[in-house]
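Below: one structure, written as structure tokens.
Order of the sequence lines sets the chain letters (A, B, ...), proteins ahead of strands, with each chain counted from 1.
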Amino acid sequence: MAYKPQYYPGNTSVAKNRRKHMAGDLEKMRDISDEDLTAILGHRAPGSDFPSTHPPLAEMGEPDCPVREVVEPTPGAAAGDRMRYVQFADSMYNAPAVPYWRSYHAAINYRGVDPGTLSGRQVNEMRERDLEEFSKDVCQTEITDWGLAGMRGCTVHGHSLRLQEDGTMFDMLDRRRLEGGVMVMDKDQVGVPIDRKVNLGKPMTESEAAKRTTFYRIDNVSFRSDKEVIEHVQRVWELRTKYGFVPKA
Amino acid sequence: MADPRFKKAMETKYAKEWGSNKCGGQAKNKITDKKTKYLRLGYTQNPRKVEMAKCGAAITKKRGLQAYDPKLHLAGIPMGQRQLTPYTISGTDIVCDGDDLHFVNNAAMQQEWDDIRRTCVVGLDLAHETLEKRLGKEVTPETINYYLEVLNHAMPGAAIVQEHMVETHPALVDDCYVKVFTGDDTLQDEIDKQFVINIDNEFPDNQAKQIKATVGKTSWQAVHIPTIVTRTEDGPGTSRWMAMQVGMTFISAYHMCAGEAAVGELAFTAKHAGLVEMGDMIPARRARGPNEPGGLSFGHMADIVQTSRKTP
């Protein structure tokens with residue numbers, strides 16, 4: 001039988017969702033076109049070539065290096081793309097992704113990614129074309145609910161703020177909002193207006209978000225309700241504390 | 001049981017109007033709400049921000065060079081897209097704007113910073129032992145009183161045993177003083193009241209009892225050098241300034257020889273052996289010596305903060 005990693009313990013819906021995110025086993029929820037995605041990322045004009053910071057690796061003549069022989073460059077690295085970023089803020093009111101889980105998801109399932117985890121937001125940096133491929137996955141799948149999450153390069157506050165009356169997460173720059181039952185975005189990540197209204201699909205209902213979230217919350221699935229998780233976390237902390245401590249040695 | 005203070009603070013912050021933020025009015029918030037009405041009232045909802053904007057505009061006009069203007073925030077989107085809410089200072093009922101808690105705007109924070117940097121505690125017992133055992137001098141409550149009198153003259157930067165010295169102007173250094181504290185009631189009674197920090201008077205009974213039991217029969221000087229000195233020097237300068245003046249005062253008060261070896265012992269006591277600084281040295285990459293607020297552990301900071309003493 002092929003080895004199947006179990007990324008996270010527990011039997012609650014939150015624990016199961018956490019495993020799904022880590023395994024990259026994400027349900028597609030909506031379609032966002034390549035051009036729309038490029039527009040909201042705001043790194044280059046839709047339809048333009050990828051700018052580069054160095055010639056393609058094949059033309060550069062790389063030094064003789066066994067590691068370079070073993071590791072195949074990502075398409076973006078091979079082409080010499082710029083490093084670019086995508087950052088999401090996720091509401092603590094049952095957004096699908098906890099910042100840490102965005103990092104786990106990116107680091108486990110994608111190559112050439114530099115994840116940065118913060119308390120209420122998470123940024124991933126990679127070569128531009130790799131970034132677009134990655135962003136498409138996270139924008140279209142259940143890891144992102146555009147009502148409770150937002151693609152935000154700056155002015156990111158929202159994670160711990162109360163939701164707006166319409167149930168969506170507050171955005172000071174009003175980059176994306178609920179219009180006619182769907183989320184639309186008419187500014188890029190850093191709030192610069194774009195030439196289109198990108199349809200990001202329907203936000204999740206409250207009950208659906210509660211079902212798909214990776215947040216433990218006392219008013220939904222509480223952390224302490226999952227015995228296996230508690231045991232695991234306590235074991236990890238115990239081992240970390242004792243690590244390397246051998247009194248008899 | 002009374003409502004927890006935290007709950008009250010949160011209600012003040014989120015469920016009552018502050019300035020014209022309409023927090024408790026139009027937005028009708030309860031602290032348990034998960035949703036709210038975002039009114040996007042901008043900075044004018046907050047009187048302090050309005051005052052700052054007016055002041056910034058006046059400075060711009062006066063100096064002919066751009067100063068503070070809240071409309072420059074985010075290319076024209078001013079702060080205040082959510083309610084600008086106040087803060088309750090813990091342990092008190094004081095409610096204030098966030099801006100008032102910026103250390104640049106807050107005189108109390110600056111005073112606290114200064115007080116930490118300009119303060120050190122130095123023991124008297126080692127010095128007294130040196131005087132008695134090594135030099136055969138008599139140390140009595142009278143000599144201690146005289147010593148403290150001289151020290152409060154000298155500590156601000158005055159000369160004692162030297163001639164033709166420059167000195168600091170007393171009006172610039174009137175915040176400088178030295179007082180002593182001890183857990184020994186008999187000794188305390190014999191020292192001039194002006195020089196004593198009476199633990200019983202300064203702390204609630206239970207805290208005073210604990211402190212006195214810990215201090216016991218030992219006696220200590222709480223030294224506060226002039227603020228103006230520590231603002232020009234750095235944290236570690238405090239103990240050096242103190243040790244210089246303590247050394248000179250011992251020489252004068254106990255009629256010592258200025259060059260005798262025991263002076264070195266007293267200097268060592270003041271600079272190292274009997275010295276308690278407020279903070280440790282900060283990691284070298286931040287390049288600050290001891291006695292800076294950054295080197296103060298949170299536990300000590302919690303002791304220094306006076307809330308539990310003033311409002312037990």
TODO: Kindly compute the distance separating CD (A/Gln164) from CZ (B/Arg82), expressed to the nearest 0.5 Å.
DONE: 12.0 Å
Open item on the list: Are more than 12 heavy atoms, taken from residues, nucleotides or ligands other than A/Glu206, located less than 6.0 Å from that residue's CD atom?
Closed with: no
- [ ] Report, as yes or no, whether the 6.0 Å neighbourhood of atom NZ on A/Lys136 holds more than 12 heavy atoms from other residues, nucleotides or ligands.
- [x] yes
- [ ] For a side chain to side chain contact (heavy atoms under 4.5 Å, CB included) with B/Tyr38, tell me which candidate from A/Leu163, A/Leu161, A/Asp174, A/Asp171 qualifies.
- [x] A/Leu161
Open item on the list: Side chains of B/Arg40 and A/Phe170, heavy atoms from C-beta outward: is any pair under 4.5 Å?
Closed with: yes
- [ ] Please round to the nearest 0.5 Å and tell me the distance separating atom OG1 of B/Thr36 and atom CD of A/Glu165.
- [x] 7.0 Å
Open item on the list: Does A/Lys202, at its NZ atom, have more than 12 non-hydrogen atoms belonging to other residues, nucleotides or ligands within less than 6.0 Å?
Closed with: no
Task: Contacts of type ring-ring contact (aromatic ring centres under 6.0 Å, His included), residue B/Tyr43, not counting sequence neighbours - done: none
Open item on the list: Between B/Lys37, B/Lys34, B/Gln81, who has the most heavy-atom pairs with chain A when the cutoff is under 4.5 Å?
Closed with: B/Lys34
TODO: Give the member of A/Gly191, A/Gly167, A/Cys154 that has the highest number of heavy-atom pairs under 4.5 Å with chain B.
DONE: A/Gly167
Open item on the list: Rounded at 0.5 Å granularity, tell me how far CD1 in B/Ile77 sits from OG1 in A/Thr155.
Closed with: 7.5 Å
Open item on the list: Measuring from atom CG of A/Leu173 to atom CG of B/Leu74, what distance do you get when rounded to the nearest 0.5 angstrom?
Closed with: 5.0 Å
Task: Heavy-atom neighbours of A/Arg235 CZ exceed 12 at 6.0 Å - done: no
Open item on the list: For B/Tyr87, I'd like to know if atom OH has over 12 heavy atoms of other residues, nucleotides or ligands within 6.0 Å.
Closed with: no
